[in-house]
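Atoms within a ligand are numbered from 1 in the order they appear, just like the ligands themselves.
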Amino acid sequence: TKMPQKIIIDTDPGQDDALAILLALASPEIEVLGITAAAGNVPVALTSKNIRKVCELAGRTDVKVFAGCEGPMEGSLFTAEYVHGATGMDGADLPEPGMPLQPQHGVDFIIETLMTHEPGTVTICTLGPMTNLGTALAREPAIAARIQQIVLMGGGLFEGGNVTPAAEFNIFVDPKAAKICFGCGAPIVMMPLDVTHQTLTTAKRVAAIKALGTPLADAVVGWLEFFERFDEQKYGTDGGPLHDPNVIAYLLKPELYEGRFCNVEIETDSALTKGMTVADWWGVTTRPKNATFMRHVDADGFYALLTERLARLPAKG
Ligand code: RIB
Ligand code: CA
């Protein structure tokens, strides 16, 4: 059998981040070397706590969790309590975590892990603003050639943005970090809003998770029902987009996704379009291709995978 894929998850939980972490921890095809907390949906003090709450919910107090940067590489932190609630994971009430944070800074963990593992054997999954990876690349450019691939949730093209008409949240919060990552030369697979707006938390899909009947499933349903309300209002849909688990689902079943290898540049200066992922989908420029921009997902296949894997996690709350 194939060796498990070694990954680092960089994340800003966030209810959708939490589901991505659970999906990874439930999947033997993946070895999570560590989880680094990003500042995004809520400040890093909360995201580093939320990650540990999710690990404990999954019965995985062995996972190494690191706090990352307090804010973007440039400018001030923009958070999203209006979507995720004050805790960042409203909708389920989990106990304060008992497991410790690692003393090492998340950026140092990313650098050390990439420098000590064989080149091309560690995948970096970013589920929030790309501050930690961007900072690691700026501090130690040699890691770029050692990254197996960067698989990220972020950006958008045909769907536009979700924070401004042009920019998606993860890129908007730290466009400088995103620019560094997209320019570093490592293989990139991006899950933009164009994909995540197809994986809606419809009532039928949430009911299937509820039917698992475990305390973990109840927590997940609580998160989804809280998290989806903002986007249901905004888009008038049955359910809201479930963004981040698409990154992990891609590692498990890439055949669920279709996209195009093309050039993607990040707008960092314009007041109007700062944080926009300018994807040359139609090849109208000669800019070098640097990312696989995913545009379609088998949404039912995605939810079947997610639900089946959640069922594998320990029943204890
Ligand atoms: O725009 C959606 C992204 O922003 C998701 O990663 C969500 O968790 C928030 O971080
Ligand atoms: Ca996120």
Side-chain angles (χ1 to χ4, degrees), residues 8-24 35-44 46-51 53-54 68-69 71-72 77-85 87-91 106 124-134 150-175 177-178 181 189-201 220 223-224 226-232 234-235 237 239-250 266 274-277 294 297 306:
I8 293 174
I9 303 175
D10 186 67
T11 175
D12 65 333
Q15 291 88 347
D16 58 320
D17 302 70
L19 265 70
I21 295 166
L22 290 175
L23 180 56
I35 305 180
T36 52
N41 287 321
V42 288
V44 72
L46 279 178
T47 58
S48 57
K49 179 188 292 189
N50 289 341
I51 293 167
K53 287 184 174 183
V54 176
C69 300
L77 180 61
F78 175 85
T79 52
E81 288 86 351
Y82 62 96
V83 175
H84 299 275
T87 68
M89 285 207 311
D90 285 21
I124 312 287
C125 298
T126 64
L127 311 180
M130 303 179 83
T131 309
N132 291 327
L133 184 54
I150 299 169
V151 187
L152 69 113
M153 190 278 143
L157 183 67
F158 303 95
E159 280 295 303
N162 61 3
V163 175
T164 72
E168 176 278 327
F169 178 83
N170 289 340
I171 311 298
F172 178 77
V173 170
D174 197 339
C181 294
V189 175
M190 62 189 282
M191 294 292 162
L193 297 177
D194 305 85
V195 161
T196 69
H197 283 192
Q198 295 171 31
T199 54
L200 298 182
T201 59
V220 166
W223 282 331
L224 293 180
F226 180 90
F227 164 75
E228 69 190 8
R229 89 217 175 286
F230 180 82
D231 284 329
E232 279 184 321
K234 178 175 171 183
Y235 300 114
T237 47
L242 185 59
H243 306 285
D244 295 337
N246 281 288
V247 168
I248 305 301
Y250 170 75
I266 311 294
K274 184 177 171 202
M276 181 174 185
T277 52
M294 290 300 186
V297 55
L306 177 62

Inset, instruction - Decide whether Thr87 and Asp90 meet the rule of one side-chain donor and one side-chain acceptor closer than 3.5 Å. - result: yes
When every non-hydrogen atom of Gly91 is compared with those of Phe226, the smallest separation belongs to CA-CB, 3.8 Å
Taking C-beta and beyond as the side chain, do Leu19 and Leu306 meet within less than 4.5 Å on heavy atoms?
yes
task: Would you check if the side chain of Asn170 reaches a backbone N or O of Leu127 as a donor-acceptor pair within less than 3.5 Å?
output: yes
* Asked: Where do Thr126 and Asp10 land on the side chain to side chain donor-acceptor pair (under 3.5 Å) test, with the steps shown first?
  -> CA-CA 5 Å; Thr126 64; Asp10 186 67; 5.9 Å; no
When every non-hydrogen atom of Leu77 is compared with those of Gly40, the smallest separation belongs to CD1-N, 4.1 Å
_When you compare the side chain of Glu168 with that of Glu159, does any pair of heavy atoms fall below 4.5 Å?_
no
In chain-and-number order, ligand 1 lies under 4.0 Å from a heavy atom of each of Asp12, Asp16, Asp17, Asn41, Leu127, Met153, Asn162, Glu168, Phe169, Asn170, His243, Asp244
When His84, Glu228, His243 are each screened for side-chain hydrogen bond (donor to acceptor under 3.5 Å, both in side chains) with Gln15, the one that passes is His84
Any protein N, O or S atom under 3.0 Å from the Ca ion (ligand 2)? Found Asp12 OD1, Asp17 OD1, Asp17 OD2, Leu127 O, Asp244 OD2
| request: Just say parallel, tilted or perpendicular for the rings of Tyr82 and Phe230, cut-offs at 30° and 60°. | output: perpendicular
